[in-house]
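These notes are about the structure you will find just below.
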Amino acid sequence: MAAPSVEYTIGGVKIQFPCKAYPSQLAMMNSIVRGLNHGQHCLLESPTGSGKSLALLCSALAWQQAQYGKGLSSVCKFIQFNTNVDTFVSVCSVPPPPEEYKPKSLASRLSDKLQTSLTSEDDDFQPDRKRIRTPAMEQKFTSCLVLVINFFYSEQCKIEENSLDILFFYLLSLPSCVHQSPMVSCSLCPCASSKGGQNGAAGKSSKEKDKEGKKKQVPKIFFGTRTHKQITQIAHEMKRTLYSSAPMTILSSRDHTCVHPEVVPHSNRNERCKELLEAKNGVSCRFKNGVHKMQDQNTLQWVHGLHQAWDIEDLVRLGGRLRACSYYAARDLMQEACIVFCPYNYLLDPLIRESMQINLKGQIVVLDEAHNIEDCARESASYTLNKPQLLSAREELDGMVTHNIRRSNHEPLRAFCCSLLNCSVLAEREYEMSCKVWNGKEVLGLFHTMGITADTFAMLQKHLAAVLEKEERVGLVNGREDTVEVPTISSASSSVLKSLFMVLDFLYRDKSRFAEDYRVALQQSYAWTTAPDIPDAQGFFARPNRRRHSAKTKTLVHTLSFWCLNPAVAFSDLSDSVHSIVLTSGTLSPMGSFSSELGVKFSIQLEASHVISKSQVWVGTLGSGPQGRKLCATFQHAETYAFQDEVGALLLRVCQAVGRGVLCFLPSYKMLDKLRDRWTNTGLWEKLEERKTVITEPRGGGKGDFDELLQVYYDAIRISGEFAGDRALLMAVCRGKVSEGLDFTDDNARAVVTIGIPFPNIKDLQVELKMKYNDQHCKARGLLSGSRWYEIQAYRALNQALGRCIRHKNDWGALILVDDRFGNNPNKYISGTEINDHMLQPLEIHVLTNKPSNVPVVLHNV
């Protein structure tokens, strides 16, 4: 059960909050309600750990509920005017309110009513009980429903069908349904269109259809965040609220939701799943056939027991128990959901939106942890492929043409692939690496020489749609006439062509207005590959200890990249059609850059203050180690043993001074590997392990492996007693899995140490092109200069790592920034962070085991 809530009325919307809200939460809810009331976009910054997710959920769901309430109130007024209220109440068997009546939400009333009917005592051996209505009462009941239906199709109705469904559900949850009554003509019902009634949709005039199109729709809430781990935390927060029973779903990939025992162990679940769906080997997916068991919101809540907000793991367990596909069930549940959770690339990437059938027109889009949204938007409108992928697609199209399968459609697509393969003009760039870069207009000119223009591209799109369309024809199978499915290209080739066409669509859209926002790079590089083991003449392989070191061969690699340098390109699909966009994070500053980069006017902006006092956090900079050596984590210094040893000695001192959990963040996985190797050789790693349980963030690996490592860390901190040690150290990477979205509350992070400044790789061609692009357009579009953009990327990553420590108003800990540049040039390297300058001080490492009254007070300088 949710805890007793506190009610706030903001902008005419009653918001039930699970506790007394912080001032920053009230400010956020006020901004969100204002934005939703006026259909405006919001940019809201609130420090990490200040409860912004809870404020987001409660305010957005309360506003949505209020919109449904407006529609229902108009229906009830219509019924009240046309029939006696007492009759309506008695017919529907609604009990009178108790003496101490407290208003409940519609969802709560439905929940109570249905829960009572489902959980009545000693009903296991009783026959189904039906409520007996007299013919007179039945007639009154159906009259009320006819009034509702007539009202819905009248000119007075300005609400959408989904709003009315809530009232229908309340009335039709009673044993008698309007469809079972012979007294009501089905032509009045919305289902009439499927039965061909004269009053159905087929028989309506165009004027009536226009009226229906103008009905006010209550928007769905699409809540996007960066990772599935963050979605789990958001679902947990929603469970705390009175809105926890709102119809919801979580969209995710097959990797997270597939329960088929033949697909789960497969390395490529998407391919294996599609094979089963197409029944290529005569075996179809029995789990997909059972998806009806859990694809309905009412069934999910009242039959399967998911009354409160649920996580994707809950749906997966239910799918395994029912032998039903949780992947497709989650997609089907979106139809009736009030709020839809998903990673935010599902909302930005046009191909994923098409695949998942996500329509954002008129909806509310909330993007939490949106500090990465610029990068995600640029990636969503970009695509990179290599030569083997293109060759494979061309060969497959070649086979289709050779076998005369939809030849007229496959031939133009094959010619398109051949044209791209002939792009081989390279210019020297660096040692053993070559590239050629075109801007958008140049690449359109290049395409023109290949015969690809805006008009011919439109024809190519039609050809691609035709070859992907499933079709059956009559043919001979084993000498008998039977229907045969026309072969189509593989999903891999389909993905290559769809992705290329997605980029070309942006390049040719609106008279090529986005062409200048693209750079196309053809790169040639070399990769070292290991030749596979070859058996001897008898078919045996050598033992591992007798096997020669496998010879590595140098392989030439060509990649063709279509890079979008302007996130506003992908965002244009959203900003032009949605009701409101709400972006939130703890690290949005400078906020002006978001508006200019995304091409969206954020009419409502907020920079909320933190909920903690200065005495709860100690922020310090450290420019030298225990031996007095300067610590500057630039590439030149970080490669030296002196730097690596000094950082190791410093980290050991921190672990000795700080009890419980310590997080250490490094700029890259490469540095993490180098430090671990060096400390293992010098014996420092062993000293760290003597003091604490040491966990390192894995570079790759599956979700289960990462969760298992995290659990080892949490368990080590929870252990108490003689064998507890001084708990745990977690070494991670900025922009990695640990640095964003994970909650290290209380003892899980009493100190966060950051080594260096996590700048993007300056030698990366895409980073270089983005900096030049910003320099070119900074004055005209109000973008940050290239150098400033480069610095901001580092500060946001740094702030996200530091934000793992303070997670609620009573939390406390130390933030330690290790790099000489912080102390030598604070105006440059610290002003970009959310840490107030007056809180920063040269660091003295103290024993930090209990909450200090004024943190830097306890022991001596290291």
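- Between the side chain of Lys220 and the backbone N or O of Gly362 there is no donor-acceptor pair closer than 3.5 Å.
- What you find for Leu348 and Arg353 is that their closest heavy atoms are O-NH1, 3.1 Å.
- The side-chain heavy atoms of Leu26 and Met29, taken from C-beta on, include a pair separated by under 4.5 Å.
- Checking His304, Met294, His292 one by one against Thr299, the side-chain contact (heavy atoms from CB on, under 4.5 Å) holds for a single residue, His304.
- Formation of a donor-acceptor pair under 3.5 Å by the His307 side chain with backbone atoms of Ser245 is not found in this model.
- Ion pairing of Asp311 with Lys239 is absent here, as no side-chain N (NZ or NE/NH1/NH2) approaches a carboxylate O to less than 4.0 Å.
- Using a 4.0 Å cut-off between charged nitrogen and carboxylate oxygen, Arg727 and Asp715 do not count as a salt-bridge pair.
- Between the Arg323 side chain and the Gly319 main chain, no donor and acceptor come within less than 3.5 Å of each other.
- In this structure, NE2 on His256 lies 12.0 Å from OG on Ser326, to the nearest 0.5 angstrom.
- Ala330 and Leu251 get closest at one heavy-atom pair: O-CD2, 3.8 Å.
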Name the atoms and distances for all side-chain donor-acceptor pairs under 3.5 Å in residues 336-346, with sequence neighbours left out.
{"residue": "Glu336", "atom": "OE1", "partner": "Gln297", "partner atom": "N", "Å": "3.4"}
{"residue": "Tyr344", "atom": "OH", "partner": "Glu369", "partner atom": "O", "Å": "3.3"}
{"residue": "Tyr346", "atom": "OH", "partner": "Ser253", "partner atom": "N", "Å": "3.0"}

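- Shortest non-hydrogen contact noted between Ile32 and Ala55 is CD1-O, 4.3 Å.
- Remark: the backbone N or O of Arg226 is paired with a side-chain donor or acceptor of Gln230 at under 3.5 angstrom.
- To the nearest 0.5 Å, atom SG of residue Cys805 and atom CG of residue Asp746 are 10.0 Å apart.
- You'll find the side chain of Ile581 reaches within 4.5 Å of the side chain of Ser575, heavy atoms only.
- For the pair His41/Val578, a side-chain contact is recorded, criterion being any heavy-atom separation below 4.5 Å from C-beta on.
- Between the side chains of Arg254 and Tyr328, at least one donor N or O lies within less than 3.5 Å of an accepting N or O.
- For the pair Thr584 and Ser46, the minimum side-chain heavy-atom distance is 4.5 Å or more.
- Here the CD1 atom belonging to Ile364 is positioned 4.5 Å from the CG atom belonging to Leu36, to the nearest 0.5 angstrom.
- Annotation for Ala801 and Val752: closest pair O-CG1, 3.8 Å, computed over non-hydrogen atoms.
- With hydrogens and angles ignored, the 3.5 Å screen pairs no side-chain donor or acceptor of Glu607 with any backbone N or O of Glu45.
- Asn30 has its side chain out of reach of Leu606: every pair of non-hydrogen atoms, C-beta onward, lies at least 4.5 Å apart.
- Remark: the backbone N or O of Cys58 is not paired with any side-chain donor or acceptor of Gln16 at under 3.5 angstrom.
- Separating the CG atom in Asp573 from the CG atom in Leu360 is a distance of 9.0 Å, to the nearest 0.5 Å.
- Listed for the Ser585 side chain is no donor-acceptor partner under 3.5 Å among the backbone atoms of Leu588.
- In this structure the side chain of Trp812 reaches within 4.5 angstrom of the side chain of Arg750, judged on heavy atoms.
- With a 4.5 Å cut-off on side-chain heavy atoms, Ile231 and Phe223 do not count as touching.
- Residues passing the side chain to side chain contact (heavy atoms under 4.5 Å, CB included) test with Asp349 are Leu351, Ile352, Ser380, sequence neighbours excluded.
- At distances below 3.5 Å, not a single donor-acceptor pair connects side-chain atoms of Lys737 with backbone N or O atoms of Phe706.
- Between the side chain of Lys52 and the backbone N or O of Asp368 there is no donor-acceptor pair closer than 3.5 Å.
- Looking at Ser739, its side chain does come within 3.5 Å of a backbone N or O of Arg735 through a donor-acceptor pair.
- Side-chain contact between Phe744 and Leu710 is present, with at least one heavy-atom pair separated by less than 4.5 Å.
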